[in-house]
Amino acid sequence: MAESLINNLPGTRDLLPEELAGWHVVEDCARRIFRQYGFLEIRTPIIESTELFARGIGEDTDIVGKEMYTFQDRGDRSVTLRPEATASVVRAYIQNTLYRESGITKLCYFGPMFRYEKKQKGRWRQFYQIGVEAFGSDHPALDAEIIEMALRLMDSLGVQAKLLINSVGCRKCRTEYTKQLRQILQSELENLCDDCRRRADTNCLRVFDCKIERCRPVIGKLPVIAESLCDECSGHFSSVKTYLDGAGIAYEIAPGLVRGLDYYVRTAFEIVSGDLGAQNAILGGGRYDGLSEVIGGPPVQAIGFAVGLDRLTMVLPEEKRESGMWKPDLFIAYKGDAAFQKALHIARELRRLQQSCYLDFSAGSLKRQMRLANKIDAAHVLIIGDDELARDSYTIKKMEDSSQWEVTLEELAQYLQARGKQGKVR
RNA sequence: GUGAGCGUAGCUCAGCGGGUAGAGCUCUGGAUUGUGGCUCCAGCGGCCGGGGGUUCAAAUCCCCUCGCUCACCCCA
């Protein structure tokens with residue numbers, strides 16, 4: 001095991017074809033739904049200047065402080081493997097002057113992210129996200145639309161999940177609120193657990209998440225940020241809720257929901273699922289109206305979310321996963337060298353006609369080929385032997401019910417095409 | 001970074017009051033030499049994660065190390 005050349009790095013992994021079946025189902029579904037809402041794909045580099053993330057995400061965040069894959073390149077630039085994509089997408093949005101387009105610019109992305117963390121259930125050092133970013137509006141209906149789209153994705157995949165929302169206010173009212181909160185916590189230190197004493201200083205909003213019983217009384221008395229917002233933010237939040245209500249979307253207000261990145265303002269939301277262990281968030285997002293300016297762009301209002309693909313595929317129902325698995329519709333089996341030559345010819349012809357088929361050069365006897373066809377769950381086997389060569393027609397066997405009949409090459413192609421049209425073949 | 005648990009066949013695991021390895025599944029061959037699944041039979045396959053120590057003897061006991069897993073912190 002310790003022989004390192006044949007081992008991947010900790011926190012990374014190989015995704016084998018069987019596991020990828022579920023991933024493809026999720027990705028296809030996401031592309032379809034995102035398109036329904038007008039999101040178009042953008043691909044940005046997975047490596048960017050360290051400064052982009054440090055400023056964008058926030059110097060004091062855990063991500064920037066201790067989780068980035070940062071190194072000097074040969075040109076002595078400090079570069080970083082992206083720990084998330086929003087900063088990159090905003091950078092691309094500014095650099096390509098997409099803000100000059102009118103209307104809301106909707107972008108989506110798919111790809112790997114990197115964070116140097118300790119491996120855990122639902123957490124990897126290289127993990128994958130699908131995300132969306134909508135630029136150019138702070139209309140609360142946009143917040144609601146984005147959230148609706150996120151839920152539609154979960155629903156289409158048959159994933160049971162709960163929506164948590166909160167408003168973290170703007171810089172102004174959040175600063176005011178956290179100052180107030182910190183003051184109260186300082187006066188209650190003796191009634192808090194060790195973790196919360198630390199949080200009271202470093203990340204006071206996190207206190208709301210504490211599971212320790214002794215902290216409960218104090219937490220119950222704390223003012224909630226959603227009720228301490230300035231008029232503008234408060235109005236925005238209640239509008240978002242109204243739009244969600246109008247869309248028939250159920251949500252839970254989570255006073256302690258603060259995303260771990262500095263750029264979030266106002267709407268913050270998360271979709272959580274059971275069966276995921278401690279890392280139960282499969283989707284997280286929020287509004288980040290000031291981020292563009294932080295990295296040197298014009299004022300841009302924006303909101304987005306990211307889905308943890310690794311976690312989403314973990315809770316994907318089995319039947320959805322199976323629907324993404326590849327199964328050959330036709331396995332071509334042959335006996336003897338003349339039949340082998342014929343098999344090659346038929347395979348070529350079928351593929352030219354846009355049909356797929358599978359034949360194996362290592363299988364040996366006809367029995368072995370049949371066994372292999374069964375094992376890979378082929379729907380049909382085309383059998384070519386001396387009899388078939390003499391007749392110039394072939395035996396096709398339907399594995400499901402063991403029925404078999406004779407077909408010419410033309411009939412075979414027609415049969416496969418008809419099945420494809422009926423949607424029996426992916 | 002901290003804590004706990006676990007590393008034995010390709011996979012899941014048993015063996016751990018020391019005597020140099022076993023099962024199920026998988027794989028290969030056969031019963032069935034032009035027909036899969038089911039059944040039966042046989043076979044392949046292990047420096048027991050690595051290193052050191054104790055001992056006549058270590059998968060088993062001790063130490064170190066690497067890796068994996070879960071949890072804390074935090075996040076997707």
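By convention in this document, chain letters (A, B, ...) are assigned in the order of the sequence lines, proteins followed by strands, and residues within each chain are numbered from 1.
One interatomic measurement links the two molecules: CE of A:M113 to C1' of B:C74, which rounds to 18 Å at whole-angstrom precision. Regarding A:L382, its CG atom lies at a distance of 16 Å from the P atom of B:U35, rounded to whole Å. A:F110 places its CZ atom 18 Å from the P atom of B:A76, with the value rounded to the nearest Å. In this structure, the CD atom of A:Q129 is 5 Å from the C1' atom of B:A76, given to the nearest Å. Atom NZ in A:K398 sits about 17 Å away from atom C1' in B:U35, given to the nearest Å. Between A:K375 atom NZ and B:U26 atom P there is a gap of 8 Å when expressed in whole angstrom units. In this entry the distance linking CH2 of A:W23 with C1' of B:A76 reads 11 Å, nearest Å.
Scanning atom types as modelled, one donor and one acceptor separated by under 3.5 angstrom connect the side chain of A:Q404 and the base of B:U35. Counting distance only, with no hydrogens placed and no angle test, the side-chain atoms of A:E388 and the base atoms of B:G34 include a donor-acceptor pair under 3.5 Å. A donor-acceptor contact under 3.5 Å is not formed by the side chain of A:R115 with the base of B:C74.
In this structure A:S137 satisfies the side-chain contact (heavy atoms from CB on, under 4.5 Å) test together with A:I104, A:H139, A:L142, sequence neighbours excluded. Considering only residues two or more places apart in sequence or on other chains, A:R43 meets the salt bridge (charged side-chain N to carboxylate O under 4.0 Å, His left out) condition with A:E41. In terms of the side-chain contact (heavy atoms from CB on, under 4.5 Å) criterion, residue partners of A:S228 (sequence neighbours excluded) are, by chain and number, A:Y177, A:P223. Annotation: salt bridge (charged side-chain N to carboxylate O under 4.0 Å, His left out) contacts of A:E411 (sequence neighbours excluded): none. A:E117 meets the side-chain contact (heavy atoms from CB on, under 4.5 Å) test with A:E67, A:R115, A:R123; sequence neighbours excluded. Taking A:K106 as the reference, A:E145 meet the salt bridge (charged side-chain N to carboxylate O under 4.0 Å, His left out) condition, with sequence neighbours excluded. With sequence neighbours left out, A:E270 forms a salt bridge (charged side-chain N to carboxylate O under 4.0 Å, His left out) with A:R259. By the side-chain contact (heavy atoms from CB on, under 4.5 Å) test, A:L20 pairs with A:L15, A:W23, A:H24, sequence neighbours left out.
The nucleotide B:C38 finds no pairing partner, because no Watson-Crick or G-U wobble arrangement with both distances shorter than 3.5 Å includes it. With a cut-off of 3.5 Å on both Watson-Crick or G-U wobble distances, the partner of B:G7 is given as B:C66. When both pairing distances are held under 3.5 Å, B:A57 makes no Watson-Crick or G-U pair with any nucleotide shown. When Watson-Crick and G-U wobble pairs are counted only if both distances are under 3.5 Å, B:A71 pairs with B:U2.
Nucleotides B:C74 and B:C48 are separated by 43 Å at their P atoms, to the nearest Å. Distance noted for atom P between B:C16 and B:G7: 13 Å (whole Å). A gap of 9 Å separates the P atoms of B:C13 and B:U8, to the nearest Å. Taking atom P in both B:A42 and B:A59, the straight-line distance is 29 Å, to the nearest Å. Nucleotides B:C27 and B:A9 have their C1' atoms positioned 12 Å apart, rounded to a whole Å. A gap of 13 Å separates the C1' atoms of B:U60 and B:U54, to the nearest Å. Rounded to the nearest Å, the gap between the P atom of B:A31 and that of B:G50 is 41 Å. Between the P atoms of B:G46 and B:C11, the separation comes to 13 Å (whole Å).
Between the side chains of A:E406 and A:S393, at least one donor N or O lies within less than 3.5 Å of an accepting N or O. No side-chain donor-acceptor contact under 3.5 Å links A:Y243 and A:E148.
The ring pair (Phe, Tyr, Trp, His ring centres under 6.0 Å) analysis of residues 46-69 of chain A, with sequence neighbours excluded, yields the pairs A:Y69-A:Y116.
Under the stacking criterion of a centre-to-centre distance below 5.5 angstrom and an interplanar angle below 30°, A:Y128 is not stacked against the six-membered ring of B:A76.
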Could you go through nucleotides 69-71 of chain B and list every protein N or O atom that sits under 3.5 Å from one of its N or O atoms, giving the distance for each pair?
from: B:C70; atom 1: OP2; to: A:K121; atom 2: N; distance (Å): 3.1
from: B:A71; atom 1: OP1; to: A:A278; atom 2: N; distance (Å): 3.1

N/O contacts under 3.5 Å, protein versus nucleotides 37-42 of chain B?
from: B:G37; atom 1: O4'; to: A:N374; atom 2: ND2; distance (Å): 3.1
from: B:G37; atom 1: O6; to: A:S402; atom 2: OG; distance (Å): 2.7

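Using a 4.0 Å heavy-atom cutoff across all strands shown, A:E270 reaches no nucleic acid atom at all. Backbone-only contact: A:I282 has heavy atoms under 4.0 Å from sugar-phosphate atoms and none from a base. Contacts of A:A373 with the nucleic acid, taken as non-hydrogen atoms under 4.0 Å apart, are absent. If you check every strand for non-hydrogen atoms under 4.0 Å, A:L309 touches nothing.
Between A:D28 and A:R32 no salt bridge is recorded (no basic side-chain N to carboxylate O distance below 4.0 Å). Using a cut-off of 4.0 Å between Lys/Arg side-chain N and Asp/Glu carboxylate O, A:D138 and A:R287 are scored as not salt-bridged.
Picking from B:U32, B:C74, B:G34 the nucleotide with the shortest atom distance to the side chain of A:K335 gives B:G34. For A:D386, counting side-chain heavy atoms from C-beta on, the closest listed nucleotide (B:C27, B:A76, B:G34) is B:G34. Residue A:D62 has its side chain nearest to B:C74 when only B:A76, B:G34, B:C74 are considered.
In terms of phosphate contacts, A:R368 brings a side-chain nitrogen or oxygen within less than 4.0 Å of OP1 or OP2 of B:G29.
No side-chain donor-acceptor contact under 3.5 Å links A:R82 to the backbone of A:E48.
Against RNA chain B, the stretch residues 79-88 of chain A makes no heavy-atom approach under 4.0 Å.
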